[in-house]
Amino acid sequence: MLPFLGAAAQDLDAEYAVDLLRPGVQAPDFTLNDISGKPVTLSSFRGRQVVLVFWASWCPDCRAEVPQLKALQAQADPEKVAFVSVSFDRTLEALQTYVNDNYLPGVQLFDPAGKKESKVADSFGVKWIPSLYLLDKDGKVLLGTVMIDKIEKALGGAVTLRKPGQELCRDESCAQ
């Protein structure tokens with residue numbers, strides 16, 4: 001958990017992102033189950049940029065950035081940008097409840113090892129959560145940060161906005 005909620009003016013990466021992978025490095029591939037138990041491999045998103053978020057629902061700073069993350073995802077064209085979250089929740093049920101109660105979009109993955117024992121977190125240099133990455137279409141790191149504002153800025157012009165009138169769905173009712 002990051003001890004700085006609301007410290008936007010400060011560059012927190014200098015203290016908290018020092019072990020994250022550097023730009024240009026190939027992101028390690030991994031496979032984790034999503035919240036329905038289906039295995040998902042990071043490399044399956046090649047061809048799109050990926051916003052990769054390491055977090056947990058028990059983390060106050062992670063929860064605080066959920067609205068901004070949801071807004072950013074709502075602006076992005078899902079054919080060009082994928083949002084993949086790796087949760088270190090203590091139980092799958094806790095993650096499922098939080099995702100459902102908060103209508104979290106994107107691909108939600110569960111790492112049963114937890115943050116301290118996670119091989120995935122270790123391979124990405126994640127020491128603090130939330131930690132975020134922006135990967136290019138080939139799976140190389142464009143940015144590793146603990147600040148969602150930097151992800152938003154990096155996506156900037158790269159985010160293809162949804163067409164006017166294209167509505168978002170909170171459930172399956174609007175897919176009919």
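Hydrogens, waters and symmetry mates play no part in the numbers below; they use all other heavy atoms, side chains included. Just so you know, these numbers come straight off a predicted model, no measurement behind them.
In this structure, NZ on K153 lies 10.5 Å from CE on M147, to the nearest 0.5 angstrom. Rounding to the nearest 0.5 angstrom, the gap separating the CG atom in L109 from the OG1 atom in T41 is 9.5 Å. Distance check, rounded to the nearest 0.5 Å: CG of L155 to CD of Q73 gives 11.0 Å. Taking NZ of K137 as the start and CZ of R46 as the end, the distance is 14.0 Å to the nearest 0.5 Å. In this structure, D34 CG and L92 CG are separated by 9.0 Å, a value rounded to the nearest 0.5 Å. The CG atom of L95 lies 9.0 Å from the CG atom of N100; values are rounded to the nearest 0.5 Å.
Of the possible polar contacts, one joining the Q26 side chain to the D138 backbone as a donor-acceptor pair under 3.5 Å is found. The main-chain N or O of A94 is never found under 3.5 Å from a side-chain atom of T97 such that the two would form a donor-acceptor pair. At least one donor-acceptor pair under 3.5 Å links the side chain of R63 to the backbone N or O of S57. Although no hydrogens or angles enter the test, the distance criterion places no donor-acceptor pair under 3.5 Å between the side chain of K140 and the main chain of P23. Judged by distance alone, with hydrogens and angles left aside, the side-chain atoms of Q96 form a donor-acceptor pair with the main-chain N or O of I35 at under 3.5 Å. With hydrogens and angles disregarded, no donor-acceptor distance shorter than 3.5 Å links the side chain of D13 to the backbone of A17.
Closest non-hydrogen pair, P78 versus R48, comes out as O-NH1, 2.6 Å. L104 and W55 make their closest contact through CD1-CH2, 3.8 Å (heavy atoms, listed as atom of the first residue, atom of the second, distance). In terms of heavy atoms, A56 sits closest to S87 at CA-OG, 4.3 Å. Listed here is the closest heavy atom pair of Y16 and V146: O-CG1, 3.8 Å. Closest approach of P28 to L42, counting heavy atoms only: O-CD2, 3.6 Å. The two residues V40 and S44 come nearest to each other via the heavy atoms CG1-OG, 4.4 Å.
Put simply, the side chain of I129 reaches to within 4.5 Å of the side chain of F54, judged on heavy atoms. Taking 4.5 Å as the limit, some side-chain heavy atom of Y103 sits within range of a side-chain heavy atom of K70. Side chains of F45 and L135 form no contact here, defined as non-hydrogen atoms less than 4.5 Å apart. For the pair D11 and K150, the minimum side-chain heavy-atom distance is below 4.5 Å. Residues V66 and Y98 are in side-chain contact: their nearest non-hydrogen atoms beyond the backbone lie under 4.5 Å apart. Within the 4.5 Å cutoff, no side-chain heavy atoms of L20 are placed close to those of V141. Side-chain contact between Q68 and D149 is present, with heavy atoms from C-beta onward closer than 4.5 Å. Looking at heavy atoms from C-beta onward, L32 lies out of side-chain contact with F110 at the 4.5 angstrom threshold.
Counting only residues at least two apart or on different chains, the side-chain hydrogen bond (donor to acceptor under 3.5 Å, both in side chains) pairs with a member in residues 116-126 are D111-S118. Sequence neighbours left out, the pairs with a member in residues 132-152 that pass ring pair (Phe, Tyr, Trp, His ring centres under 6.0 Å) are F124-Y133.
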Take E65 and L132, measure what side-chain contact (heavy atoms from CB on, under 4.5 Å) needs, and give me the verdict at the end.
CA-CA 11 Å; E65 71 178 23; L132 306 97; 3.9 Å; yes

Go through the steps for L12 and W128 under the test side-chain contact (heavy atoms from CB on, under 4.5 Å), then give the verdict.
CA-CA 11 Å; L12 300 167; W128 302 92; over 6 Å; no

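The 12-atom threshold is exceeded at CD of E93, counting heavy atoms of other residues, nucleotides or ligands nearer than 6.0 Å.
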